[in-house]
Every structure is written in structure tokens, then in C-alpha cells.
Amino acid sequence: MTSSNAEPDPADLTFADLQIHPAVLKAVADVGYESPSPIQAATIPAMLEGSDVVGLAQTGTGKTAAFAIPILSKIDTESRNTQALVLAPTRELALQVAEAFGRYGAQLRVNVLPIYGGSSYVPQLAGLKRGAQVVVGTPGRVIDHLEKGSLDLSHLDYLVLDEADEMLQMGFAEDVERILADTPEYKQVALFSATMPPAIKKITAKYLHDPVEVTVKSKTQTAENITQRYFLVSYPRKMDALTRLLETEQGDAMIVFVRTKQATEEVAEKLRARGFAASAINGDIPQAVRERTITQLKDGTIDILVATDVAARGLDVERISHVVNFDIPHDPESYVHRIGRTGRAGRSGTALLFVTPRERHLLGAIERVTRQKLVESELPSVDDVNEKRVAKFRDSITDALDKPGIDLFRALVEGYERDHDVPMADIAAALALQSRNGEEFLMTEPPPEKRRERPDRGDRSDAPRKPRERRSDLATYRIAVGKRHKVAPGAIVGAIANEGGLHRSDFGHITIKMDHSLVELPAKLPGNTLKALQNTKIQGQLIQLQPDRGPKPHRGKPPTK
DNA sequence: AAAAAAC
């Protein structure tokens, strides 16, 4: 093996200094990148020269661009053949890599196709038929297409094995060999792996020819822009600990890692009941829903993702400022990947870890792998939390002072003061108390009647229209969970808002009944919302949202007594 | 110990 160091002298090296295709260079500049990261500086020239590459690199080092840029630079856009195949261990990673190829190849006439399980064959077959020069996929579905005859790798020029150690650990060794058997001998191979166990060395020796070895040197395996702390927390105290941190930490979005699929739902629900915009993600959640959840995390519809290790790798959402290891990972490698979800794109990040007393030995394992001593921290005290709450209370007053309705209320308060001779502070305190209790003490003028001007149905006010006392744009939906399941209204609003992409202001009244609940939602739900909501669970119960058709003959079972 | 990945 020849060897080259990842940091020759990266001082002023720019992408323009590398011999990459002008169209790719333009796309890279459009994305806002100027100078290559160490792994890019080493990998791009090697791959452009035609060498095989072994990259020992963590995620977050820019390794996707390191192979995408040279491959795109050399791809033959005149040919429709599949010339490049990237294999990745998880669907999310495959999708992210495909998106990266799309970004860097935006100025080229190149078709990039992600191929993975859980998503429809139709677009994949169509894409393959049309001709995708770059295919990015997970091993299972790639083999599926090979066996169907819909994917032809006989003209493959470039093969990338991304996160090779992970693919092996997940039992894909045979699958990878099966795929490799369908590729020509002359292809160029790049293998990236966070670690170099013997099994990876064996694959390297077998399939790579005189590879250039690229190692990203760093003192520790974890990025320096991520602050890491841990807390000793007993198992039953974890939820309380998380809540305290959520109330005191300054940040944008958060990902909370738990150990089991079931726990993702439980923790997400508890967070929603506490008023946080949280969603669960795990391998049992349909792929399309997973993807929508990630989009919601990106666009700020939700702030907290509660995940199993399905989201530990590849997930690239810049606004994630915090990673919480709610359950400590048993595999220290997983810790490294999990915390790599924060501190993206040069931002700083915070990684927090809950350790129960009996899990201390796992902490030691993590410290060995990261070659870093983790700092123990104290959880925020009740006083700390309350201090934040007081600050929030004060800020909310400052905010409200600027709001348009303030004049009306000022006049009301002045009137009250005149009539009752009570100090202003007492009045303000009483109002604050009311507002905390959520009491609506003033009726507001309803918005001007729009019904008559609305041409949507062509009908006039005399048309048959169900009399509705409340907002006419709302309809009542019945959901299967009720008091028996001990669901808080907040949990219902949260689940429906998150799963259905609705805003809290879209909701009308919620009535929790014994064996079902009634919730008012927009009468016309967009697109597939109703369908999506029918698959939503609260505390393991399908909510089974249905438009309510009034009292039903079957009144459910009589209350158990 | 669990999760991930092909129908």
C-alpha cells in the first residue's frame, strides 16, 4: 500500500487547485465551500488519478464530498450506464449521500438515484430504466434489483463502500460480496470506514488494488467543536433530568437517543405532553414517515427527535445543537456516531450523556474509544430551572408590551384600578395567574364573516350547511384513545400536530371522553394528513382518527366497575 | 442488548 498523509499542507489549498470538473467546481462553490477538508484534499486527487482509496475517517469529516466530487468529475454524462455505485449501511445515509451527489452534480447532466428498501419500486424502476449514472443504495435493495435484472453493474467504473465497518457489523458482508461479483474487475474502488478491523482489512486486500491510504488525523475521534458532558442519573430520574436540561440549555434542535424502539415513542410522547415539539423515529416507522419527520426537524416544525440508532449515522441536520444520550450506547462506536449529529457544518454542538450507576463501566469504554475523559456535570437544580422560568416570564411581558392588542387591555386595567383602588402590581399578578391557568377572560371579536364572500362552493348562505356553533372551518374528528388510556390533551395535540404537519393554532376544542376523544381540526385536511394520522400511535394505541358523525349507536363498553 | 436491513 502506498501512503499519503491527509494534511500535506492544507494552508491555502482551495477546490480550484484540484483538477475537478469546472461544473462540479461551480456547484461546490454554490454550496459555499472554498477549501477542502483534510480528507478531501487527500482523497480527491487520488481518485482523480484513478487510484483505489482506503479512507479511515469518521463522519463529519467531509468524506461524502471526498468521493462524490472526483466521481462526478469523471462521470461520462453522455452515457446512460450506471457508472458509479455507492453502498451505505442505512437508508437514511444512502439518501443523504444521494442528496450530496445531487448538490455537487447540480451543474451536470447526471442522474443520481437512491435505491433502498421501504420505498416504492416504481420510481426506482423508472429511474433505472431512464438511466442513472450514479446509484446510491443499501445492500438489500441493490441485490433485489440485480436479481430482478433492473440494475446492470457490468459497466461500473466506480464503487464506494461507505461506512464499511458498519455494513459488516450489520451482517452485510455476504451481500456486499454478492454485489461485487456483478461488477467488472477494472472498476475503481473507494472504501471508507471509521475503524479498521481485520474483516475490513481482508476486504481491502481482496478488492482494492494498491490503494492510497487516507487517514484523518485528529487527537481524538470526536470533533473538538462538540462539548461533551455526562450526568449520573438513576433510571427513573431520566425524564426529569431531560426536562430540566431542555428548560435550561440554550439551543436550537435536539436529538435524543434511546435504546429501544418502544422508548422512542414513550419519550417523544412525554415530551409532547410537556409542550415540546417532539417526534419519534425508529426502524419500525414507515420509511416515508421517517423522511417526513427529518424534513420537519430541518424546517423547525419539530425541535426534538427521539431516535434509536437508526438515526445515529449519516443524519445531517445543521440545526441540531444538542445530542442527548438518554440511554448510554453499549457500543462505544455508536456514541461517536451519535454525537456526530451535532456540530455540523462548522457549528459548535453539545453532547450530553445520562449514565446510571450500574452503567459506569460503559462510560470507561467510551472514554477509551474517544481517547477523551468526559466531564461529569451537575444537573440543573430546581432553582436553576425556576430562574429560567422567571426569565422567560419577564421576557414574555417585554414581548407582550409591543403587541397590538395592548391598548385595549391598558384601558381595561386603568378602569379596574380606578374602580377598585388596588395596586397595579396586584392587578398584574392576578392577570398573570389567570393567564397561567389558561383562562380566556375576554371574548374577542370574531373575524369578519367571510362565508358570503367565499366563492369556493358557489353556494350561498341558504345552502344546506350543518349548523356549527364554533368555527366553521373546523370539523370534529373522533379518535380512539380516551381517558382510559390516560392521555393528556397535550399529548393528543402534540401527536396530531407532529404527525399531521399541523400547527397548534389549527386546533379547536378537544374533549377527552372515556373510550374516545373528540378533537376539532380543519375540515379540509391537506393531502394525506388523514391517512398519516390514522397510523399515528399514542402510548401504543392507534389513534384511528375519523370524522365524527355524531353519537354512534354503539356506545362502547360500559365502564368497568 | 438492541437496532438495522429486501419483498
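Order of the sequence lines fixes the chain letters, A, B, ..., with proteins taken first and strands second; residue numbering starts at 1 for each chain.
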Do A:Arg274 and A:Glu247 sit within salt-bridge range, that is, some charged N less than 4.0 Å from a carboxylate O? no
Here the distance between atom P of B:dA4 and atom CZ of A:Arg338, to the nearest Å, is 11 Å
Counting side-chain heavy atoms from CB outward, which of B:dA1, B:dA4, B:dA6 is closest to A:Thr308? B:dA4
Considering every strand and a 4.0 Å limit on heavy-atom distances, what is the contact class for A:Pro89: base, sugar-phosphate, or nothing? sugar-phosphate
Of B:dA4, B:dA1, B:dA5, the nucleotide closest to the side chain of A:Thr138 is B:dA5
Base, sugar-phosphate, or nothing: which does A:Gly118 touch, judged by heavy atoms less than 4.0 Å apart? sugar-phosphate
A:Leu87 CG to B:dA4 C1': how many Å, rounded? 15 Å
Separation of B:dA6 atom P from A:Leu151 atom CG, nearest Å, is 14 Å
In whole angstroms, how far is the C1' atom of B:dA2 from the NE2 atom of A:His337? 16 Å
Using only atom types and a distance under 3.5 Å, with no angle test, would you say the side chain of A:Glu265 pairs donor to acceptor with the backbone of A:Ala280? no
Note: for A:Arg259 and A:Arg290 on DNA chain B, the residue whose nearest nucleotide lies more 5' is A:Arg259
Could you check whether A:Asp175 gets within reach of a base, just the sugar-phosphate, or nothing at all, counting any heavy atom under 4.0 Å? nothing
Can you figure out which of B:dA5, B:dA6, B:dA2 approaches the side chain of A:Met170 most closely? B:dA5
Which donor-acceptor pairs under 3.5 Å do side chains of residues 174-181 of chain A form with protein atoms, sequence neighbours excluded?
| from | atom 1 | to | atom 2 | distance (Å) |
| --- | --- | --- | --- | --- |
| A:Glu177 | OE1 | A:Lys206 | NZ | 3.0 |
| A:Glu177 | OE1 | A:Tyr207 | OH | 2.8 |
| A:Arg178 | NH1 | A:Asp182 | OD1 | 3.3 |

A:Ile281 CD1 to B:dA5 P: how many Å, rounded? 10 Å
All salt bridge (Lys or Arg N to Asp or Glu O under 4.0 Å) counterparts of A:Arg259, not counting sequence neighbours: none
Side-chain N or O of A:Lys261 versus OP1/OP2 of B:dA4: is the shortest distance under 4.0 Å? yes
A:Ser193 side chain to A:Met196 main-chain N or O, any donor-acceptor pair under 3.5 Å? no
Here the distance between atom P of B:dA1 and atom CG of A:Asp327, to the nearest Å, is 14 Å
At under 4.0 Å between heavy atoms, what does A:Tyr121 touch on the DNA or RNA strands: base, sugar-phosphate, or nothing? sugar-phosphate
A:Phe326 CZ to B:dA2 C1': how many Å, rounded? 16 Å
Rounding to a whole Å, what distance do you find between A:Leu362:CG and B:dA1:C1'? 10 Å
The nucleotide from B:dA3, B:dA1, B:dA6 with an atom nearest the side chain of A:Asp331 is B:dA1
